[in-house]
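Whatever order the structure lists them in is the order used to number ligands and atoms, beginning at 1.
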Amino acid sequence: MDASLPKRKEPGKSLRIKVISMGNAEVGKSCIIKRYCEKRFVSKYLATIGIDYGVTKVQVRDREIKVNIFDMAGHPFFYEVRNEFYKDTQGVLLVYDVGQKDSFEALDTWLAEMKQDLGPHGNMENVVFVVCANKIDCTKHRCVDESEGRLWAESKGFLYFETSAQTGEGINEMFQTFYASIVDLCENGGKRPIPNSSASFTKEQADTVRRIRNCKDSWDMLGVKPGASREEVNKAYRRLAVLLHPDKCVAPGSEDAFKAVVNARTAVLKNIK
Ligand code: GTP
Ligand code: MG
């Protein structure tokens, strides 16, 4: 046999997966799926009634993937219909509208609904979640910024993408990464592959970024009481600076949080004799 011939690669086995969409009504779940599968956008709102089902084939590396998509209705009215469909899922599209804060805040409730319906033996660790921050084309109405959404997603080990079903921005990239991660998971014995540790951050860092983002007051931000001494302020500042310094912390939003802490310290020290 000629040793110079390239080795023939065995084609990967085909795979059948189930994915579902989750998120409040009207955030754009159906439009995201339509944009990817049918390359079109419908601007008229046609609420999903219960569940819409579709099948599509995609290629990931050398594998052909048959995807069963269950597009769920976001309206609370359809809870009874939805709860049949959570089990045996490998991937979840978790969608919110960047112009609707309540749809972002509802993501935890969606996870809770899934967890409850899966029951005590259900395992959400073997599911790939991708968070879609949708309608990014509506820049004027945006009220959930990228770092806030990304921080929420990444602290849970979820993928995060900014998308617009209207313009198509982010949609293909999101689905390609989503499907590739599901294949990785299937090839990894049903466990989520461990993320690259150099790009991870601690819960304390994520919580601190979130806390600082919500603080309006400089004393509060530093975590010291008004009337604290210069030493107390500097000590609190140093602790936060070590936690959030951009060289040390990769949590989304940490750079802004670090700047806010620097400004808070300057403002507070001005008022201390
Ligand atoms: P339910 O089926 O009721 O749960 O809603 P859904 O999440 O499936 O929302 P759907 O995809 O039906 O979209 C709701 C509305 O938002 C429609 O009027 C869409 O045209 C609009 N929409 C969806 N995605 C986008 C987007 O990226 N940008 C803009 N501007 N509008 C969008
Ligand atoms: Mg829908």
Participant: With heavy-atom distances below 4.0 Å as the criterion, list the atoms of ligand 1 near Ser30.
Facilitator: 8 (O), 11 (O)
Participant: Do Val42 and Ile69 belong to the same hydrophobic cluster, where Ile, Leu, Val, Met, Phe, Trp and Tyr are linked whenever their side-chain heavy atoms lie under 4.5 Å apart, directly or via other members?
Facilitator: no
Participant: Which bit of Asp137 gets closer than 4.0 Å to ligand 1, counting heavy atoms only: side chain, backbone, both or neither?
Facilitator: side chain
Participant: Just to confirm my output: which protein heavy-atom neighbour is closest to atom 11 (O) of ligand 1, and how far is it?
Facilitator: Cys31 N, 2.9 Å
Participant: Using heavy atoms and a threshold below 4.0 Å, how should the contact between Ala73 and ligand 1 be classified: side chain, backbone, both, or neither?
Facilitator: backbone
Participant: What residue and heavy atom of the protein are closest to atom 9 (O) of ligand 1, and at what distance?
Facilitator: Gly28 N, 3.2 Å
Participant: Hey, any chance Met22 and Val81 share a hydrophobic cluster, counting ILVMFWY side chains that come within less than 4.5 Å of each other, even indirectly?
Facilitator: yes
Participant: Numbering the atoms of ligand 1 from 1, which are under 4.0 Å from a heavy atom of Val42?
Facilitator: 19 (C), 20 (O)
Participant: Phe41 heavy atoms, cut-off 4.0 Å: which ligand 1 atoms fall inside?
Facilitator: 20 (O), 22 (N), 23 (C), 24 (N), 25 (C), 31 (N), 32 (C)
Participant: Check each heavy atom of Asn134 against ligand 1 and say whether those closer than 4.0 Å belong to the side chain, the backbone, both or neither.
Facilitator: side chain
Participant: Tell me which protein heavy atom sits closest to atom 18 (O) of ligand 1, plus the residue, atom name and distance to 0.1 Å.
Facilitator: Ser43 O, 2.9 Å
Participant: Among all protein heavy atoms in this structure, tell me which lies nearest to atom 27 (O) of ligand 1, with the distance rounded to 0.1 Å.
Facilitator: Ala165 N, 2.8 Å
Participant: Please state whether Cys138 comes within less than 4.0 angstrom of ligand 1, counting heavy atoms only.
Facilitator: yes
Participant: Are side-chain heavy atoms of Phe104 and Val98 found at a separation under 4.5 Å?
Facilitator: no
Participant: Quick one, Leu107 and Phe129 - any side-chain contact, counting heavy atoms below 4.5 Å?
Facilitator: no
Participant: Between Lys225 and Asp220, is there a salt bridge with N-O shorter than 4.0 Å?
Facilitator: no
Participant: Give a yes or no answer on whether the side chain of Lys135 reaches the backbone of Gln100 with a donor-acceptor pair at less than 3.5 Å.
Facilitator: no
Participant: Would you say Thr202's side chain and Gln205's backbone share a donor-acceptor pair under 3.5 angstrom?
Facilitator: yes
Participant: Would you mind finding which of Gln166, Lys135, Met22 brings a heavy atom closest to atom 22 (N) of ligand 1?
Facilitator: Lys135
Participant: Is any side-chain heavy atom of Phe201 closer than 4.5 Å to one of Ser155?
Facilitator: yes
Participant: Under the side-chain contact (heavy atoms from CB on, under 4.5 Å) test against Val127, which residue among Leu118, Ile20, Val92 passes?
Facilitator: Val92
Participant: Any nitrogen or oxygen of Lys29, side chain or backbone, less than 3.5 Å from one on ligand 1?
Facilitator: yes
Participant: Backbone or side chain, does any N or O of Gly74 fall under 3.5 Å from an N or O of ligand 1?
Facilitator: yes
Participant: Do the side chain of Thr89 and the main chain of Lys18 share a donor and acceptor less than 3.5 angstrom apart?
Facilitator: no
Participant: Indicate yes or no: does Arg238 engage Glu232 in a salt bridge with an N to O separation below 4.0 Å.
Facilitator: no
Participant: Which of the numbered atoms in ligand 1 are under 4.0 angstrom from any heavy atom belonging to Tyr45?
Facilitator: 1 (P), 3 (O), 5 (O), 12 (O), 14 (C), 17 (C), 18 (O)
Participant: Closer than 4.0 angstrom, basic N to acidic O: yes or no for Glu162 and Arg142?
Facilitator: yes
Participant: Does any N or O atom in Glu26 lie less than 3.5 angstrom from one in ligand 1, N or O only?
Facilitator: yes
Participant: Are Glu148 and Arg210 ion-paired here, with the side-chain N under 4.0 Å from a carboxylate O?
Facilitator: no
Participant: I'd like to verify the contacts: list protein N, O or S atoms under a distance of 2.8 Å from the Mg ion (ligand 2).
Facilitator: Ser30 OG, Thr48 OG1
Participant: Any ion pair linking Asp52 and Lys29 (charged N to carboxylate O, less than 4.0 Å)?
Facilitator: no
